[in-house]
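Working notes for the structure below.
What you see is a predicted model, and the numbers here were worked out from it, not measured in a lab. Order of appearance sets the numbers: ligands from 1, and atoms from 1 within every ligand.
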Amino acid sequence: MGTRPTLLLIVPPGWGRFWHEPLTAADVRAYIYGQDEYAPGDIEYALGFRPKPGLLKSLPNLKAVFSLGAGIDGFLVDPDFPKHVPLVRFVDDTLSVEMAQYVVMHVLIQHRCERMYASAQREAKWRQAMLPRPTENTRIGMLGIGEIGTMAAERLRDLGFPVAGWSRTRKTIEGIKSFAGAGELDAFLAQSDFLICLLPLTPQTRHILNAQLFAKLPNGAYVINVARGGHLVEADLIAALDSGHLSGATLDVYETEPLPPTSPLWRHPKIIATPHVAAITSPTVAAKSVIEGIAAIERGEALKNVVDLNRGY
Ligand code: NDP
Ligand code: OXD
């Protein structure tokens with residue numbers, strides 16, 4: 001790169017130094033928002049996750065905005081998001097691998113009755129049981145089968161589960177059944193003993209995990225929401241668990257984050273709740289992809305992983 005590119009880091013308090021180091025080492029002048037003084041007109045690039053609405057608009061010379069997450073809904077909720085500036089999302093195998101691990105782990109916790117054995121151990125009880133359902137009859141449905149959904153689906157397929165995916169466009173993935181579009185959603189749901197949400201949060205997918213959708217799942221289905229809290233109607237999930245229609249749920253994301261201590265989701269006996277940690281973007285890996293993106297722009301080349309703002313993901 002010629003002159004030093006200037007970037008504003010918009011990360012939670014305390015996290016700035018993790019990003020500052022690799023960026024500075026690559027000769028990027030990085031200012032930490034909320035900590036460093038900067039002249040808005042000097043900022044050419046921004047890197048963040050959920051910037052304060054209006055902040056990006058206040059930077060008149062932005063050339064690109066980089067998301068430190070795969071999901072970019074935190075940018076598009078800003079009515080003043082500068083739409084003429086390319087928004088680049090984070091896509092990397094390291095993130096997909098962690099997400100796939102989380103999904104596989106929670107499918108197996110339920111499938112292998114892990115919570116029942118943990119409670120038996122606490123009581124020093126020797127309680128042996130057959131698997132409630134053979135693996136080959138335990139059908140997995142990936143709601144959203146993009147970068148992350150595909151990796152998770154392939155890992156589960158390799159463990160012997162029958163796997164299907166639902167997406168906007170038809171997919172051809174070895175050993176994985178593809179359902180596409182709104183017209184095929186009901187058929188997909190009817191054959192999902194595990195429903196795993198890996199959709200982006202858009203106006204079309206907000207609150208998709210609701211009472212009507214749960215009613216279309218097989219009795220005893222298990223739901224994993226690892227995408228965004230805005231996909232789920234929390235009260236509808238609790239009702240479907242309490243009625244016995246759903247057997248359980250794993251949640252990593254919530255409508256309000258951090259999840260308030262008073263939320264019933266923390267203590268529901270059929271819910272496993274984790275604090276948005278299914279995958280945590282590695283600053284060194286992500287900084288590398290930001291540096292590559294900046295270099296591409298400076299050379300006048302096309303950027304990878306630019307979000308289609310009309311599609312919303
Ligand atoms: P992708 O954009 O690669 O995949 C999105 C998938 O959703 C695609 O298959 C897409 O279909 C499908 N889709 C989008 N809209 C619709 C719709 N209206 N109807 C049917 N299908 C739809 O995203 P990623 O796999 O990279 O990430 C998925 C999400 O995971 C992120 O948006 C983020 O919210 C979440 N995430 C959560 C993390 C965590 O720590 N909990 C970490 C990382 C990501 P098509 O392929 O046809 O376009
Ligand atoms: C992401 C996330 O979108 O961590 O990458 O939630």
Could you tell me the residue and atom name of the protein heavy atom closest to atom 44 (C) of ligand 1, and the distance to it rounded to 0.1 Å? I148 CD1, 3.6 Å
Of all the non-hydrogen atoms in the protein, which one sits nearest to atom 21 (N) of ligand 1, and at what distance? R168 N, 3.1 Å
Atom 19 (N) of ligand 1 [closest protein heavy-atom partner, distance rounded to 0.1 Å]: W166 CH2, 3.3 Å
Which ligand 1 atoms are under 4.0 Å away from a heavy-atom of A227? 34 (O), 35 (C), 37 (C)
Would you mind listing which atoms of ligand 1 come within a distance below 4.0 Å of any non-hydrogen atom of G71? 31 (C), 32 (O), 33 (C)
Counting heavy atoms only, name the option from R89, R228, E257 that's nearest to atom 3 (O) of ligand 2. R228
I need the contact type for F49 against ligand 2. Using non-hydrogen atoms and a strict under-4.0 Å cut-off, is it side chain, backbone, both or neither? side chain
Atom 22 (C) of ligand 1: the protein heavy-atom neighbour that sits closest, reported with distance to 0.1 Å: L199 CD2, 3.5 Å
Can you pull out the closest protein heavy atom to atom 42 (C) of ligand 1? Residue, atom name and distance to 0.1 Å, please. M99 SD, 3.3 Å
Nearest non-hydrogen partners of K52 and Y33, listed with the distance: NZ-OH, 3.4 Å
G146 heavy atoms within 4.0 Å reach ligand 1 at atoms 3 (O), 4 (O), 6 (C), 8 (C), 9 (O), 25 (O)
Could you find the nearest protein heavy atom to atom 26 (O) of ligand 1 and give me its residue, atom name and distance? R89 NH1, 2.9 Å
Has ligand 2 got any nitrogen or oxygen that is less than 3.5 angstrom from a nitrogen or oxygen of G71? yes
Near D252, which atoms of ligand 1 are under 4.0 Å from a heavy atom of that residue? 39 (C), 40 (O), 41 (N)
Among protein heavy atoms, which sits nearest to atom 7 (O) of ligand 1, and what does the distance come to when rounded to 0.1 Å? P200 CD, 3.3 Å
